Amino acid sequence: MADHTDHRATQEQLNERDILVITHQAYVNATQTLKATRDGKWQRVINWRGGMRLLTIIDEALCNAIEESQVTADNLSQAIGYIPHDLRTTYTTEVAALESLHQVMRHHLGISADSGGGARMAWDQGECPIGSVDLSALRAAMSKLPYDRLIGKADENDRRCMATRIDQTLAAAEAVLDRWAYFTLKGKLPTLNSSALLVPLDAPGPVVLDATAREDFIYELMGDRAVIIPTPPGVRDYSSVTLHVARITGIGKGTMVERAKTRFPRLIEDLTKRLTPDRSVFFCVHKAVEHELPDAGELPFANTVKAHWGAVDGSNEYANCDVAVIFGLPYRDRATFPNNVFFALQGPQGDDWLDQPTWKGQVNLREHMIRRQVSASVIQAINRIRCRHVTDDRGGCPPADVFIALPSGDQGDDILAAIRREMPGLQVVDWPFEPDGPKVHRRVAGTPHERLLTFMDNRAPGRTSMTAVARELGLKQDAKKDLQKNLRNENHRTTLALKALGVTYLSTGRGGKSELVKEAA
């Protein structure tokens, strides 16, 4: 019996089936929402007429199984300010809870200013004293507000974008009100943060199929509730895979975005010299710079595909590629990510722990957790290509090359050691690549197509001026005009492809403002 968005099964039908196959998102949906309604959804998943199901197979790494909720003071203030008088009188309890939450943030901001910063629990360990509040009715009513007219406009897309942003704020506030939270500054921005494990520890007979379990710190935080089954020796042999390692500085998202215009042309020039034209290359980069990779037609390889962090784990789309290029590492927010993961599994710890986090004698726990998370993500990305295939009884795989830029020092050493641990027999060689040398001119073949689609696909809903598009894609004036000419043609392949992404081209006439408008989902 299938149960999904397009074919809903009844409770009676599900109750008769002893085997349930469920998507990750449906599973997550059953574990979210308020405590008051969560139990009913969860019981529907784990029970049938014979009682509790005995086995839960999770075919996915748990590195993305932590739900992180963050409310900023500015966003919460904006959301409260948009609540009209009639909704305030209808939803007095909900509005009062939101205003109390905002007062908590202002209170802790004052303490932070006096004490010199630092994270602290928003309230005593345990539940929020304001109380759990179901905001679903208020959120539904707010989603219908004419936000565009409230700010003096008449634009349906602006209305949807603002409605989405306000609803996301209210959803995060609901999660924070429903459980513990801690206060911290994100830069200078006051925030309240909370988290939860999306796969409940009381799932019946959970078995996680995760090849990176040994590297992922999340299982260690589960303590005796998790048992990692060791991989038997000799089942995999990666001696036909060569890992080319460059040691560079600044490979987090911020520096990669800042230096993308010079780094990516140098990367392509270097790979062009090292790889033959018959190779099939998979690029894994940060989402914010994915559009810096040239269109496939601009690269001298038989096939090129690309993806960004967060859209890689578990995918089989790149399994036929014989080259992987990992350029930029997926560091998570050091101020919140370690806290969120630790608290989701070990429970809230208090202000002393936030000042000096420790666990089982581990020194510099936050840094250790970040390194383990990066290592697990990198190993997942490398094994998207054909080295995942087993070709003989020794666990061998087809020949492949992997190019990766790692940080210098012990941080890079730790990540490299983790890769070698999980890929026995791997051949490691130096990659003498310098990303920040003399500028290399990008070879551009006509107006961009794939890069534009990637750029807009990764953009948040809203308006993007053609000036910004030209700047991001490195278009000169003539190329920009050619692109605009194509976009004015409703039947051009680029226009049609953008339309499929919910993106339309708008121009106010000769010499007027031109922009791409992306609709909210």
Side-chain angles (χ1 to χ4, degrees), residues 24 27 54-66 197-243 245 312-316 319 324 326 330 338 341-342 344-346 359-365 367-398 400 402 404 406 410-428:
H24 173 262
Y27 196 89
L54 301 182
L55 176 66
T56 303
I57 299 177
I58 305 167
D59 187 15
E60 182 173 341
L62 292 188
C63 55
N64 297 315
I66 303 296
L197 181 65
L198 294 179
V199 180
L201 294 175
D202 60 349
V207 176
V208 183
L209 307 181
D210 182 357
T212 56
R214 182 164 53 175
E215 304 304 329
D216 198 333
F217 197 63
I218 190 172
Y219 298 104
E220 291 187 31
L221 291 175
M222 290 182 182
D224 58 7
R225 296 172 294 187
V227 177
I228 299 177
I229 307 301
T231 304
V235 299
R236 289 308 311 262
D237 175 16
Y238 292 94
S239 57
S240 61
V241 180
T242 301
L243 180 69
V245 180
V312 176
D313 292 358
S315 174
N316 294 318
I326 315 297
V341 172
F342 196 92
L345 290 158
Q346 292 285 315
W359 191 67
K360 293 187 176 181
Q362 176 65 50
V363 179
N364 201 355
L365 181 59
E367 175 65 21
H368 181 71
M369 292 177 66
I370 290 289
R371 292 186 187 185
R372 294 280 292 273
Q373 170 261 325
V374 170
S375 297
S377 296
V378 165
I379 295 165
Q380 285 279 346
I382 290 174
N383 283 278
R384 294 308 95 206
I385 64 171
R386 70 180 190 174
C387 59
R388 64 189 287 115
H389 298 311
V390 177
T391 57
D392 55 45
D393 58 4
R394 296 178 293 101
C397 63
V402 178
I404 186 169
L406 293 177
D410 60 355
Q411 185 185 89
D413 293 342
D414 285 351
I415 297 172
L416 180 57
I419 298 172
R420 300 183 90 150
R421 249 189 327 267
E422 300 303 325
M423 301 182 69
L426 181 70
Q427 306 297 309
V428 179

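Just so you know, residue 1 is the first one in the sequence shown, and it goes up from there. Just so it is clear, the model here is predicted, and its values are computed rather than measured.
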Which pair of non-hydrogen atoms, one from Ala381 and one from Val312, has the smallest distance, and what is that distance? CA-CG1, 3.8 Å
Quick one: side chain to side chain contact (heavy atoms under 4.5 Å, CB included) partners of Leu55, sequence neighbours excluded? Ile57, Val207
With sequence neighbours excluded, what pairs up with Pro398 under the side chain to side chain contact (heavy atoms under 4.5 Å, CB included) test? Arg386, His389, Thr391
Chi angles and distances behind the side chain to side chain contact (heavy atoms under 4.5 Å, CB included) call for Val402, Ile385: CA-CA 9 Å; Val402 178; Ile385 64 171; 4.2 Å; yes
Salt bridge (charged side-chain N to carboxylate O under 4.0 Å, His left out) partners of Arg371, counting only residues at least two apart: Glu367, Asp410, Asp414
Side chains of Ile218 and Leu197: does their closest heavy-atom pair fall under 4.5 Å? yes
Phe217: which residues meet the ring-ring contact (aromatic ring centres under 6.0 Å, His included) condition with it, sequence neighbours left out? Trp359, His368
N/O donor to acceptor pairs below 3.5 angstrom from side-chain atoms of residues 419-428, sequence neighbours left out:
| unit_1 | atom_1 | unit_2 | atom_2 | d |
| --- | --- | --- | --- | --- |
| Arg421 | NE | Glu215 | OE2 | 3.0 |
| Arg421 | NH2 | Glu215 | OE1 | 2.8 |
| Arg421 | NH2 | Glu215 | OE2 | 3.4 |
| Glu422 | OE2 | Arg214 | NE | 2.8 |
| Glu422 | OE2 | Arg214 | NH2 | 3.2 |
| Gln427 | NE2 | Gly425 | O | 2.9 |

Nearest heavy-atom approach of Leu406 to Gly412 is CD1-O, 3.9 Å
Side-chain (Asp216) to main-chain (Thr212) donor-acceptor, under 3.5 angstrom: no
Is any side-chain heavy atom of Pro338 closer than 4.5 Å to one of Leu365? no
Side chain to side chain contact (heavy atoms under 4.5 Å, CB included) filter on Arg388, not counting sequence neighbours, yields Asn316, Ala319, Arg384
Restricting to pairs with a member in residues 226-241, which pass salt bridge (charged side-chain N to carboxylate O under 4.0 Å, His left out), not counting sequence neighbours? Asp237-Arg394
Minimal non-hydrogen separation, Val241 against Cys387, with atom names: CG2-CB, 3.8 Å
Run the numbers on Leu221 and Met369 for side chain to side chain contact (heavy atoms under 4.5 Å, CB included), then give the verdict. CA-CA 10 Å; Leu221 291 175; Met369 292 177 66; 4.0 Å; yes
Hits for salt bridge (charged side-chain N to carboxylate O under 4.0 Å, His left out) against Asp224, two or more places apart or cross-chain, chain-then-number order -> none
By side chain to side chain donor-acceptor pair (under 3.5 Å), Asn364 pairs with (sequence neighbours left out) none
My understanding is that only residues two or more places apart in sequence, or in another chain, count here; which of them pass side chain to side chain contact (heavy atoms under 4.5 Å, CB included) with Ala213? Asp210, Tyr219, Ile228
Residue list, salt bridge (charged side-chain N to carboxylate O under 4.0 Å, His left out) with Arg372, at least two apart or on another chain: Glu220
Please examine the side chains of Leu54 and Pro204, heavy atoms only from C-beta on, and report whether any two atoms are closer than 4.5 Å. no
To the nearest 0.5 Å, atom CD1 of Ile382 lies from atom CD1 of Ile404 at 5.0 Å
